[in-house]
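Atoms considered below: every heavy atom in the structure, side chains included; atoms not considered: hydrogens, waters and symmetry mates. The structure presented is a predicted model; accordingly, all values stated were derived computationally and were not measured.
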Amino acid sequence: MTANTESVVVERDYPHAPEKLWRALTQPHLIEEWLMKNDFVPEVGHGFKLRGDWGGVLDCKVLTLEPERTLAYSWDFDSEDPAYALKSVVTFTLTPTDGGVHLRMEQAGFRPEQKQASGGARFGWSKFLDNLDQLLTQEG
Amino acid sequence: MTPADPDLLFRTLGDPTRRALFERLCREGEQTVGALTARAGVSQPAVSKHLGVLRQAGLVSDRHEGRQTHYAARPGALSALTDWTRDMTDFWEARLDGLGDLLNRMDQ
């Protein structure tokens, strides 16, 4: 492992056209169906919120937008309490395949150098993820 | 302090010199303070102090042999970090499954 940045990578192959996956990633009513309520707009620099049913709000901003290829946005959990603050970047990369499209999701940004945030990020995330687990269970 | 305290773990690894010492012990195995100092870029007392902090956080163990103290990385010390990564992976696995379901429904 590298000590500088901790990333989470999840990959999937979908038997669908890249164009269709792109719509699911960038249209607010579709994003809501698989991720969270949001006010996403496909424009670089656009700030938006992701709102979980548990009341948590993520501060996001579109960083990269290459239609049907790459989408990246910041994924921050803002808190006055540094123990709960989080800053990360989520990047979706689409690659066409014979039968459809390959999706790679990387969430990066846990940096030990950020003493304030990193010391508490684990706690912030455990709390946050407990809520998410509940949410997922409720959704079935 | 408990070895499993993630706050302490992350605070301890937040220092680049300490992190470099820990990385060397992971990659190269058990070493004496003298051997670590030779390539640490800081004084031996500073290295000893950093090793003490790493030991308190449960990241390294020490073994005394004659006048030498040997330090080694502790297996499993990074479990809080890997737990975090696993939690996040589980979250995204579930979300991307949901995305697949949505894509199927978009066909209809």
Side-chain angles (χ1 to χ4, degrees), chain A residues 1-4 6-17 20-21 23-25 27 29-36 75 83 88 90 92 100-101 103-108 110-126 128-133 135-137 139, chain B residues 1-28 50 53-54 57-60 73 75-108:
Chain A
M1 61 167 279
T2 63
N4 289 339
E6 196 62 25
S7 287
V8 170
V9 177
V10 178
E11 299 182 78
R12 280 284 191 288
D13 282 296
Y14 296 114
H16 300 283
K20 189 166 145 186
L21 175 57
R23 272 190 285 140
L25 293 175
Q27 294 188 6
H29 71 285
L30 295 176
I31 294 169
E32 181 177 346
E33 285 209 43
W34 69 274
L35 189 58
M36 291 180 221
W75 172 289
S88 68
V90 173
F92 299 97
V101 60
L103 176 65
R104 180 182 192 275
M105 188 297 306
E106 175 169 1
Q107 180 168 14
F110 179 82
R111 293 188 292 276
E113 293 87 354
Q114 294 180 313
K115 292 179 190 177
Q116 224 186 11
S118 70
R122 164 72 185 164
F123 290 123
W125 273 111
S126 350
F128 182 53
L129 288 168
D130 285 347
N131 293 333
L132 285 171
D133 282 347
L135 173 67
L136 292 171
T137 309
E139 285 183 344
Chain B
M1 191 285 294
T2 66
D5 180 353
D7 200 15
L8 181 63
L9 172 67
F10 290 132
R11 207 163 50 235
T12 302
L13 289 176
D15 182 281
T17 306
R18 271 203 293 277
R19 201 163 60 247
L21 286 169
F22 179 71
E23 281 182 32
R24 279 187 56 195
L25 290 173
C26 286
R27 292 203 174 102
E28 300 167 17
H50 282 309
V53 176
L54 286 165
L59 286 160
V60 303
L78 291 175
S79 60
L81 201 58
T82 50
D83 284 352
W84 179 85
T85 310
R86 197 185 56 232
D87 286 348
M88 287 314 305
T89 303
D90 289 348
F91 166 76
W92 284 108
E93 291 278 0
R95 292 289 142 167
L96 296 196
D97 283 348
L99 178 57
D101 291 343
L102 169 67
L103 291 168
N104 288 331
R105 278 184 281 125
M106 284 166 71
D107 269 341
Q108 294 159 7

With the side chain counted from C-beta on, respond yes when A:H16 and B:M106 share a heavy-atom pair under 4.5 Å apart, and no when they do not. no
Could you tell me which portion of A:L21 (side chain, backbone, both or neither) has an atom closer than 4.5 angstrom to a non-hydrogen atom of chain B? both
If you look at every heavy atom in B:R95 and A:M36, which pair is closest and at what distance? NH1-N, 4.4 Å
Is there a side-chain contact between A:V10 and B:F91 (heavy atoms, below 4.5 Å)? no
If I compare all heavy atoms of A:Y14 with all of B:L96, which pair ends up nearest, and what's the gap? OH-O, 2.5 Å
Where does B:D101 contact chain A at under 4.5 Å (heavy atoms): side chain, backbone, both or neither? neither
Here the gap from A:Q107 atom CD to B:T89 atom OG1, rounded to the nearest 0.5 Å, amounts to 9.5 Å
Residues A:E33, B:R105; criterion side-chain contact (heavy atoms from CB on, under 4.5 Å); working and verdict: CA-CA 11 Å; A:E33 285 209 43; B:R105 278 184 281 125; 2.5 Å; yes
If one checks every heavy atom of B:L99 against chain A at 4.5 Å, the contacting part turns out to be both
Would you call the rings of B:W92 and A:W34 parallel, tilted or perpendicular, taking 30° and 60° as the class edges? tilted
Using a cut-off of under 4.5 Å on heavy-atom pairs, state which of B:L103, B:N104, B:L102, B:D97 scores highest against chain A. B:L103
Heavy-atom cut-off 4.5 Å, strictly under: side chain, backbone, both or neither for A:L25 against chain B? side chain
